[in-house]
Student: 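I have a structure I would like to understand better, so I am pasting it below and will then ask my questions one at a time.
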Amino acid sequence: QVQLVESGGGLVQPGGSLRLSCAASGFTFSNYVMKWYRQSPGKQREWVAAINSGGNTNYADSVKGRFTISRDNAKNTVYLQMSSLKPEDTAVYYCNRPIQYWGQGTQVTVSA
């Protein structure tokens, strides 16, 4: 069955960086678009970034220029490199294989 397992979250100061990982299994990873979403308390889950099977990427305006999505098909893993982090980036970050497959999430907290 499809499994997505995120890791790499934590507490970071404003302006810092983190790299999230999502290890995938149970499907032919290289064939699929992969996405990152996030959800802050009291807010709806929002799309952050996407990467297709060819490596083309798209980003939400709120993270463009600061976040980079990438994939390693040999490792069945998608990454989210986050830089210049802001307190408003604080959220649980989720990996998604469209439409219905989600990881358990990893908490990112940006605070001094």
Side-chain angles (χ1 to χ4, degrees):
Q1 71 278 22
V2 174
Q3 285 195 316
L4 302 171
V5 180
E6 301 97 335
S7 61
L11 173 64
V12 62
Q13 292 187 341
S17 299
L18 277 177
R19 188 177 80 157
L20 307 183
S21 300
C22 171
S25 60
F27 62 101
T28 305
F29 177 77
S30 59
N31 288 352
Y32 287 86
V33 171
M34 296 297 297
K35 299 184 178 183
W36 285 96
Y37 286 76
R38 66 186 182 186
Q39 188 167 19
S40 305
K43 295 187 178 181
Q44 286 192 330
R45 192 170 295 189
E46 64 172 348
W47 169 74
V48 174
I51 184 167
N52 70 9
S53 58
N56 297 308
T57 59
N58 278 295
Y59 299 92
D61 287 344
S62 58
V63 306
K64 201 171 292 184
R66 300 187 300 120
F67 290 11
T68 302
I69 188 171
S70 61
R71 66 192 300 158
D72 185 336
N73 290 335
K75 295 183 178 180
N76 288 354
T77 301
V78 60
Y79 303 98
L80 187 68
Q81 177 67 49
M82 305 185 295
S83 303
S84 302
L85 283 161
K86 305 174 182 180
E88 51 263 44
D89 294 318
T90 295
V92 177
Y93 284 72
Y94 296 92
C95 179
N96 170 252
R97 195 204 96 174
I99 298 173
Q100 73 270 36
Y101 296 106
W102 297 88
Q104 81 288 352
T106 186
Q107 175 72 48
V108 172
T109 303
V110 184
S111 175

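Just so it is clear, the model here is predicted, and its values are computed rather than measured. Computation of the quantities below employed the complete heavy-atom set of this structure, encompassing side-chain atoms and omitting hydrogens, waters and symmetry-equivalent molecules.
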Student: Between Trp36 and Val78, does a side-chain contact (heavy atoms from CB on, under 4.5 Å) hold up when you go through it step by step?
Tutor: CA-CA 9 Å; Trp36 285 96; Val78 60; 3.9 Å; yes

Student: Name each donor-acceptor pair under 3.5 Å that joins a side chain in residues 14-35 to protein atoms two or more places apart or in another chain, with its distance.
Tutor:
none

Student: Tell me, please, which residues at least two apart from Ser40 pass side chain to side chain donor-acceptor pair (under 3.5 Å).
Tutor: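 Counting only residues at least two positions away or on another chain, Ser40 forms no side chain to side chain donor-acceptor pair (under 3.5 Å).
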
Student: Take Glu6 and Tyr93 through the side-chain contact (heavy atoms from CB on, under 4.5 Å) test and state the conclusion after the steps.
Tutor: CA-CA 8 Å; Glu6 301 97 335; Tyr93 284 72; over 6 Å; no

Student: Flag yes if more than 12 heavy atoms outside Gln44 fall under 6.0 Å of its CD atom; otherwise flag no.
Tutor: no

Student: State yes or no: do Leu4 and Tyr37 share one hydrophobic cluster built from I, L, V, M, F, W and Y residues joined by side-chain heavy-atom distances below 4.5 Å, directly or via other members?
Tutor: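 No; tracing contacts between hydrophobic side chains, which count when under 4.5 Å, never links both residues.
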
Student: Mind listing the closest non-hydrogen atom pair of Asn73 and Asn76 along with its distance?
Tutor: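 Scanning both residues, the minimum pair turns out to be O-OD1, 3.1 Å.
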
Student: Apply side chain to side chain donor-acceptor pair (under 3.5 Å) to Asp72 and list each qualifying residue two or more places apart in sequence or on a separate chain.
Tutor: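 Asp72 satisfies side chain to side chain donor-acceptor pair (under 3.5 Å) with no residue once adjacent residues are dropped.
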
Student: What is the minimum heavy-atom distance between Val110 and Thr90, and which atoms define it?
Tutor: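 Smallest interatomic distance, heavy atoms only, reads N-OG1, 2.9 Å.
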
Student: Please table the atom pairs, donor to acceptor, closer than 3.5 Å between any side-chain atom in residues 53-61 and protein atoms at least two apart or in another chain.
Tutor:
residue: Tyr59; atom: OH; partner: Ile69; partner atom: N; Å: 2.9
residue: Asp61; atom: OD1; partner: Lys64; partner atom: NZ; Å: 3.2

Student: About how many Å separate SG of Cys95 and OH of Tyr79, when rounded to the nearest 0.5 Å?
Tutor: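 That separation rounds to 11.5 Å.
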
Student: Please report the C-alpha distance between Phe67 and Leu85 in whole Å, then the side-chain angles of each, then the deciding distance to 0.1 Å, and finally whether the side-chain contact (heavy atoms from CB on, under 4.5 Å) criterion is met.
Tutor: CA-CA 9 Å; Phe67 290 11; Leu85 283 161; 3.8 Å; yes

Student: Applying salt bridge (Lys or Arg N to Asp or Glu O under 4.0 Å) as the test, list every pair that has at least one member in residues 81-94; sequence neighbours left out.
Tutor: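 Output for this query lists Arg38-Asp89, Arg66-Asp89.
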
Student: Is Trp102 reaching over with its side chain to a backbone N or O of Gln104, donor-acceptor style, under 3.5 angstrom?
Tutor: no

Student: Please name all residues satisfying side chain to side chain donor-acceptor pair (under 3.5 Å) with Arg97, sequence neighbours left out, ordered by chain then number.
Tutor: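 Side chain to side chain donor-acceptor pair (under 3.5 Å) check on Arg97 returns nothing, list empty.
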
